[in-house]
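Below you'll find the structure, written out as structure tokens, and then a few comments.
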Amino acid sequence: MISAKKLLAENEALRQELGALRERVDALEKANPLFGKKYYACGDSFTQGDFSGFTDESGLTKEESPVIFDKEWNMYKTYPWWIGRRNHMTVINEARRGSTIALDKDYVAGVPGVARDHLRPFILDRYLQIPEDTDYCTIWFGINDSAHTLLGEPDDVTPETYYGAWNIVLEWILTNRPYMKLGIIVTNDAAPEWREATRTAAKRWGVPYLDMTGDPSVPLIINREESLGCCEKAQELRKSVFYVTKENDHPNLRAHEYQSYFIEEFMRRL
């Protein structure tokens, strides 16, 4: 039979160990601004993930494979998942494949059969769903917009143009989520005018942005602005290892893991 004295000693040792663990957690929280925070990731397929054509080594497809889909988190292992997992964050990936931030230009033009919610534009109501208790939010659009929305002018305040949608969304966020850490990601796969419009909107509203194509300090994933002089061979080599398949030019699992590190570093500076 264990003596009372020994039990007390063991309990005291456990108490001290628990106290030491709490001190470690406190130290982690103080050293890491992302630790335990709530992260809301907005965007299109480059954020939600599009792994069409993927099959893992056991033959499982993208809908079944634990290699790229986390059933517990209910999301693909795209960059928000990697960031959240490393930092013990609560992650909401609200991104929608094929979506835009502005209304479809065919809807704006009155093309028959094109509904207002075609392409599930962020400007309709998605931005209004950002939870009040969100600590960090990133917004990444432009890929589908450059093909399906009107560019507009920098001063636009309308959901019908790319500039206008950004102005509406950013004014709402600064008004209604003023203490949320917000960052914009300038996409690496869109027409140059739409990428420049993203930079302009970010500067207009004082929101930091991570430039995936125009900043030489950001590692190359897929494309580069021509003005930076990145050779075609470098871009070809990246695409050969970072695409899902030859037919699917979305970032694969390794690309998302790779870019998650510098997106995470960007978030730490917000």
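No side-chain donor-acceptor contact under 3.5 Å links Asp117 to the backbone of Arg120. For the pair Asn87 (side chain) and Gly36 (backbone), a donor-acceptor distance under 3.5 Å is absent. Checked by atom type and distance alone, the side chain of Lys77 never pairs as donor or acceptor with a backbone atom of Gly49 at under 3.5 Å. Side-chain N or O atoms of Asn167 include one that pairs as donor or acceptor with a backbone N or O of Pro154 at under 3.5 Å. Judged by distance alone, the side chain of Thr158 and the main-chain N or O of Thr161 form no donor-acceptor pair under 3.5 Å. Looking at Asp215, its side chain never comes within 3.5 Å of a backbone N or O of Asp211 through a donor-acceptor pair. The main-chain N or O of Asn188 is never found under 3.5 Å from a side-chain atom of Thr213 such that the two would form a donor-acceptor pair. Between the side chain of Asp156 and the backbone N or O of Gly152, no donor-acceptor pair lies under 3.5 Å. Between the side chain of Thr134 and the backbone N or O of Ile130, no donor-acceptor pair lies under 3.5 Å. Ser65 contributes a side-chain N or O that, together with a main-chain N or O of Val67, makes up a donor-acceptor pair within less than 3.5 Å.
A ring-ring contact (aromatic ring centres under 6.0 Å, His included) with Phe69 holds for exactly one of Phe54, Phe51, Trp81, Tyr76; it is Tyr76. No option in Arg126, His148, Gln48 other than Arg126 meets the side-chain hydrogen bond (donor to acceptor under 3.5 Å, both in side chains) test with Ser99. When Phe266, Phe262, Tyr39, Trp140 are each tested for a ring-ring contact (aromatic ring centres under 6.0 Å, His included) with Tyr79, only one passes: Trp140.
By the 4.0 Å N-to-carboxylate-O rule, Glu225 lies close enough to Arg195 to be salt-bridged with it. Salt bridge absent: Lys105 and Asp145 never bring a charged side-chain N and a carboxylate O closer than 4.0 Å. Comment: Arg199 engages Glu196 in a salt bridge, judged by a side-chain N to carboxylate O separation of less than 4.0 angstrom. Look at Asp44 and Arg97 and you find no salt bridge, because none of the NZ, NE, NH1 or NH2 atoms lies under 4.0 Å from a carboxylate O.
For the pair Ile139 and Val169, the minimum side-chain heavy-atom distance is below 4.5 Å. Between Met89 and Leu34 there is a side-chain heavy-atom pair separated by less than 4.5 Å. No side-chain heavy atom of Thr55 sits under 4.5 Å from any side-chain heavy atom of Leu60. At least one side-chain heavy atom of Glu132 sits under 4.5 Å from a side-chain heavy atom of Arg177.
With sequence neighbours left out, the side chain to side chain contact (heavy atoms under 4.5 Å, CB included) criterion links Ser52 to Asp50, Lys62, Asn248. In terms of the side chain to side chain contact (heavy atoms under 4.5 Å, CB included) criterion, residue partners of Leu220 (sequence neighbours excluded) are, by chain and number, Arg224, Cys230, Ala234, Gln235, Arg238.
Counted by atom type alone, Arg96 and Ser45 present zero donor-acceptor pairs between their side chains at under 3.5 Å.
Annotation: Tyr243 is not in aromatic contact with His250 [ring centroid separation under 6.0 Å not met].
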